[in-house]
Amino acid sequence: MKPILSAALSALMVFSAGAQTGDRKIIRIATDNTDLVLEVGPNNRLYQTYLGPKLRHNEDLINLTWNQHAGSDGSVSTRGWEAYSTSGNEDFFEPALGITHSDGNMTTYLYYENSTQEEVPGGTHTKINLRDDKYPVNVTLNYVAYPKENVIKTWSEISHREKKPISLSQYASAMLYFNEPEYWLTEFSSDWAKEAQMSTQQLQFGKKVIDTKLGSRAAMHTHPFFEIGLNGPAKENSGEVLMGTLGWTGNFRFTFEVDNVGNLRVIPGINPYASTYELKANEVFTTPEFIFTISYDGTSQGSRNLHDWARKYQLKDGEGQRLTLLNNWENTAFDFDQDILAKLMKEAKHLGVDMFLLDDGWFGNKYPRKDDHAGLGDWEVTHDKLPGGIPALVDAAKEADVKFGIWIEPEMVNPKSDLYEKHPDWVIEQPNRDTYYYRNQLVLDMSNPKVQDHVFNVVDNILTENPDVAYFKWDCNSPITNIYSPYAKDKQSQLYVDHIRGIYNVLKRIKDKYPDVPMMLCSGGGARCDYEALKYFTEFWCSDNTDPIERIYIQWGFSQFFPAKAMAAHVTSWNKNTSVKFRTDVAAMCKLGFDIGLQDLTAEELEYCQQAVENWKRLQPAVMDGDQYRLVSPYETNHAAVEYVDKSKKMAVLFAYDLSPRFQEKLSPVKLRGLDPDKKYLVKEINLMPGTESTFTQNNKVFTGDYLMKVGLNIFSWNHNTSTVLELTAQ
Ligand code: DGJ
């Protein structure tokens, strides 16, 4: 290697994605805290030379070499960390890209062509164009680095000009490499009412795969995000951790492979299971975005990086206000009429929330939706149940002085429906096998543009006829069963991918026409929770499990990747052994709502809830838009504590829970975080049941931020299933 001029390197940092540095070309993708460095090797292929804490000195970049991590197996001269490794190359481990060319050749070699760098909102977009020298195949690697939030978003574009289509058997979004003594994976397994369960294991030689094959309710068994503790299990407030998530609402796959020399490669992408994709000439296959941060201070900082990034750049209306609401699903299920709903709207007003949300069961005439066996697909109000239709409901909401929102599940159909009878060919279903029904329903074929129009029209018709409808809860209760599309004909292996793309087409159209209508993403609980869908949804429903004890764990899990603003939580009657206060305090850590009949509340409980809603609204700068600190883990202790601090550090709120302490176990003070050490804070217990006095011994006292962070507050007790909420106000 020839030495290079440091002046040339400085120019690279300032002006361009890459620089000719003698015979070396180095591309630096940088946030304020992290560097991802790529280099074109002497063979003109692209290698990752570094990913980790930001390097202070530009001149050190030349000390990174393209093959420094190669094995001792003689491959040292030919094997490096290829940035987007391809099938058939000399690497021998899992590739990012697998192509069968039109002549049957299964190898692809990608060579560097050129790269650009441009400013985009919040960050810098680096594009690197690669090309095979023997086949007209192009790959563009995209990286958007958000310096302040320390987040990098990356995706790939694949295209070609071969005479006949090529087959893509693997098409990852990206590929990242690490060289550490140990790698510890934290995954988030799930099921109905058991979302975001965290478990950690060490990765050893070979592959660990996290994937899903569910198609539509795709994240029901595992969620599209993970953490890798680099050199030890990920910790909350210390240590290096990679936190990554894929923006894809369908089947995804994360492959973690430790190779022969102990290096780890991480390959995130669409799950290619049953999804070989036939790409026509000039068609561009764009992979989903993989979004990651590397925190050097544990997962707590990594989560805040992602929360800030999401609110600013990804989540629909991420910086806007959220609506508190009263939902009727847990209260009435399908059993309601116009009068009952009008009464519930008044209850919503009485509670002090902004909106009433009507759930499942309002539609279908030929096959009324009395239960989950019929009616899905027929989005007309059931006349004998709701004779005044949606207009009467909107009027009733106006009279009650609350907004009106409505539930839909537009991608689905019950076989007992008008829609299915008219359009059996719009459904994903086997032509020649017995049909398997999940929740008595089938999935509409979203790869079919006519079906996309139908789904768009579900929302468009409601809003055209009722412009005052203020909110949608968009549900998806079935995985894709009986996979076969009459529309796809001989392209069945593209259905899993094209189905999800069809959903995005519809969501884009809705967002373009109705940019200000908030929507909740729901999938039989939290089986849809990804950052591509959240471009179109203001929040997602974390779980049907609203038992507050379970919810503490579920919300702890989701909060690793999503800001509280994106996470909907409702107070319900699940686990009546816990108090209404406890249930409300847990829901108030997220976007607060209720799904409970006021008849189930005593006068004191109602008054308590009204006060809690008011408090929550006041505390929004901290809970919705501030910084979150997970202080005490329910996974590690018999308690839990989560704190939110507003960006100016003038307001903070601490939610503390005694879950199941042992007899006279040692109780430690809770040390706060993120406060201004030099500010004085009045600490006041809020969300007290009417008529009860605070038993918190340090109530109504003033402490410096320094004291609160170093000495802490004695907030835990030996009670079971109780909660304490403290508001901190800078003096
Ligand atoms: C599943 C959702 O998670 C629930 O909140 C509710 O909307 C039901 N579907 C309605 O069928």
Side-chain angles (χ1 to χ4, degrees), residues 190-196 214 216-221 223 249 323 325-336 341 344 355-364 367-379 382 385 404-414 416-417 437-444 458-459 462 471-479 518-530 533 537-548 550-551 554-555 558 566-575 583 587 590-597:
S190 178
D191 206 336
W192 178 78
K194 275 181 66 178
E195 287 83 348
L214 291 147
S216 48
R217 188 174 168 170
M220 180 161 66
H221 296 148
H223 301 309
T249 315
L323 297 167
L325 59 84
L326 176 67
N327 191 194
N328 69 313
W329 174 247
E330 293 292 333
N331 181 10
T332 67
F334 297 94
D335 193 12
F336 55 81
L341 296 183
L344 292 180
M355 181 168 61
F356 172 73
L357 170 62
L358 171 59
D359 215 283
D360 195 353
W362 58 267
F363 48 88
Y367 301 102
R369 179 84 170 160
K370 291 192 291 249
D371 52 34
D372 62 17
H373 286 78
L376 268 185
D378 299 347
W379 299 102
T382 311
K385 197 169 182 180
F404 176 71
I406 198 160
W407 177 97
I408 50 175
E409 192 179 0
E411 302 155 57
M412 302 282 162
V413 64
N414 283 128
K416 269 190 171 177
S417 69
Y437 298 97
Y438 192 101
R439 209 195 190 207
N440 316 302
Q441 64 196 60
L442 293 168
V443 180
L444 290 176
V458 173
V459 173
I462 292 175
Y471 184 88
F472 286 89
K473 174 178 176 182
W474 180 306
D475 209 343
C476 163
N477 283 293
S478 178
M519 301 210 289
M520 182 203 286
L521 176 64
C522 174
S523 184
R528 279 183 168 178
C529 47
D530 70 89
F537 292 88
T538 45
E539 60 237 37
F540 70 95
W541 179 232
C542 301
S543 179
D544 282 350
N545 191 336
T546 43
D547 172 337
E550 294 299 326
R551 266 289 179 143
I554 292 169
Q555 293 171 190
F558 279 125
M567 294 164 51
H570 296 171
V571 180
T572 73
S573 295
W574 279 54
N575 195 351
R583 286 179 251 161
C590 295
K591 205 224 79 168
L592 178 63
F594 291 79
D595 195 350
I596 191 166

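In what follows, residues are counted from 1 in the order of the sequence shown. Atoms within a ligand are numbered from 1 in the order they appear, just like the ligands themselves.
Ring pair F334/W329: centre-to-centre distance below 6.0 Å.
N477 and Q441 share no side-chain donor-acceptor pair at under 3.5 Å.
Looking at heavy atoms from C-beta onward, N328 lies in side-chain contact with F356 at the 4.5 angstrom threshold. Inter-residue side-chain proximity for E409 and W379 is flagged as met; some heavy-atom pair is nearer than 4.5 Å. No side-chain heavy atom of L521 sits less than 4.5 Å from a side-chain heavy atom of E539. At least one side-chain heavy atom of M412 sits under 4.5 Å from a side-chain heavy atom of S216.
Contact residues of ligand 1 (protein heavy atom closer than 4.0 angstrom to a ligand atom; sorted by chain and number): W329, D359, D360, W407, R439, K473, D475, N477, C522, G524, G525, W541, D544.
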